[in-house]
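One structure is given below, encoded as structure tokens.
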Amino acid sequence: MVNLNSSKDLENEVDNFRQQVINDVIQYRIDHHTYWSKTADRKDYPSVITGCEYGNERASGRSLVGRCYTPRVPELHPLVQNPIVAIAPIGTPIPSSLSGLFYGTCGEDDAATKVLHQLENKNVPLPTVKDLVFAQPYRPRTLEPRDCCDVCQQLFG
């Protein structure tokens with residue numbers, strides 16, 4: 001089971017990140033003269049946002065669905081990417097997903113990668129991915145809590 005015992009600071013960071021995602025979507029719609037509709041909501045918002053922390057390092061992450069977002073980490077950290085590839089090659093569709101998500105595109109992957117890169121930059125010994133703590137994943141538009149996918153459960157659990 002993924003460790004969801006996040007701190008209040010991480011929850012605040014995820015809330016701020018959610019507001020930033022919403023602002024990006026609104027700005028995109030203003031810039032591109034799009035209208036509010038369920039179809040636009042599905043395309044504009046990421047499916048899931050979450051946060052990750054280890055020690056004093058925290059980062060928010062988003063799933064790869066949604067066209068308006070802050071820049072994503074260019075590549076997954078090897079401590080995240082290698083086990084995912086061993087479980088299910090990146091580019092393999094998630095069977096339970098109707099939205100076209102693929103393994104390696106989860107918010108947990110993004111947040112964990114950001115935290116691990118922060119730790120690397122400080123020349124601190126890296127933890128195992130099982131030691132990372134996550135915030136409850138949820139949909140940014142509806143605040144509906146989400147479960148982690150099977151690969152994230154195996155990887156971070």
Side-chain angles (χ1 to χ4, degrees), residues 1-28 31 43-94 97 99-141 143-157:
M1 187 59 110
V2 174
N3 187 354
L4 297 177
N5 296 324
S6 59
S7 68
K8 194 68 175 165
D9 289 338
L10 180 59
E11 291 174 17
N12 289 338
E13 180 160 328
V14 173
D15 284 342
N16 292 337
F17 183 68
R18 175 182 174 268
Q19 191 57 53
Q20 181 181 354
V21 166
I22 290 170
N23 292 342
D24 288 349
V25 168
I26 291 169
Q27 189 61 52
Y28 179 89
D31 293 346
K43 290 179 183 173
D44 290 347
Y45 286 95
S47 294
V48 172
I49 63 171
T50 189
C52 178
E53 68 183 345
Y54 181 79
N56 292 327
E57 300 301 322
R58 293 175 192 84
S60 296
R62 59 176 310 282
S63 60
L64 200 53
V65 174
R67 58 183 164 210
C68 307
Y69 53 91
T70 54
R72 183 170 172 94
V73 175
E75 295 179 6
L76 295 176
H77 192 278
L79 288 177
V80 175
Q81 184 176 12
N82 295 338
I84 291 174
V85 171
I87 296 167
I90 291 181
T92 303
I94 297 174
S97 174
S99 62
L101 284 177
F102 297 92
Y103 294 119
T105 61
C106 297
E108 292 86 355
D109 305 332
D110 188 26
T113 293
K114 290 175 182 176
V115 167
L116 291 169
H117 282 310
Q118 289 171 6
L119 291 169
E120 270 184 347
N121 290 340
K122 292 186 173 186
N123 294 323
V124 191
L126 296 179
T128 66
V129 291
K130 304 248 187 227
D131 293 332
L132 300 174
V133 177
F134 290 89
Q136 172 66 51
Y138 64 90
R139 293 201 187 283
R141 186 175 56 85
L143 297 177
E144 175 188 354
R146 304 300 300 165
D147 292 329
C148 297
C149 73
D150 292 340
V151 171
C152 287
Q153 291 285 1
Q154 289 179 20
L155 177 62
F156 300 113

Can you tell me if [atom1] on [X] sees more than 12 non-hydrogen neighbours from other groups inside 6.0 Å?
X: Asn12; atom1: CG; value: yes
X: Lys8; atom1: NZ; value: no
X: Asn56; atom1: CG; value: no

> Is Glu108 reaching over with its side chain to a backbone N or O of Phe134, donor-acceptor style, under 3.5 angstrom?
Replying inline: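 Between the backbone of Phe134 and the side chain of Glu108 there is no qualifying donor-acceptor contact (under 3.5 Å).
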> Any sub-3.5 Å donor-acceptor pair from Ser63's side-chain atoms to Ser47's backbone N or O?
Replying inline: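 Flag set: sc Ser63 to bb Ser47 pair under 3.5 Å.
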Side-chain heavy atoms of [X] within contact of [Y], under 4.5 Å:
X: Asp24; Y: Tyr28; value: no
X: Leu126; Y: His77; value: yes
X: Cys106; Y: Cys148; value: no
X: Val2; Y: Gln153; value: yes
X: Leu4; Y: Phe156; value: no
X: Tyr54; Y: Val133; value: no
X: Leu143; Y: Arg18; value: yes
X: Pro127; Y: Leu116; value: yes

>> Is it the case that the side chains of Asp110 and Thr113 hold a donor-acceptor pair, with the cut-off being a distance below 3.5 Å and no angle test?
In response: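 Not at all, the side chains of Thr113 and Asp110 share no donor-acceptor pair under 3.5 Å.
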Identify the heavy atoms of [X] and [Y] that sit nearest to each other, and give their distance.
X: Leu10; Y: Ala135; result: CD2-N, 3.9 Å
X: Arg146; Y: Val48; result: CG-CG2, 3.9 Å
X: Glu11; Y: Ser6; result: OE2-OG, 3.5 Å
X: Ala111; Y: Gly61; result: CB-N, 3.7 Å
X: Val80; Y: Ala112; result: CG2-CB, 4.0 Å

> Going through the checks in order, is the side chain to side chain contact (heavy atoms under 4.5 Å, CB included) test met by Cys52 and Lys114?
Replying inline: CA-CA 8 Å; Cys52 178; Lys114 290 175 182 176; over 6 Å; no
> What's the spacing between His117 NE2 and Glu57 CD if we round to 0.5 Å?
Replying inline: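 Interatomic distance, His117 NE2 to Glu57 CD, rounded to 0.5 Å: 13.0 Å.
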> Looking at Val14, Ile49, Val25, which one forms a side chain to side chain contact (heavy atoms under 4.5 Å, CB included) with Pro140?
Replying inline: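 Filter result, single survivor: Ile49.
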>> Set out, in order, the CA-CA distance, both residues' side-chain angles and the distance that settles side-chain hydrogen bond (donor to acceptor under 3.5 Å, both in side chains) for Asn23 and Gln19, then state yes or no.
In response: CA-CA 6 Å; Asn23 292 342; Gln19 191 57 53; 3.1 Å; yes
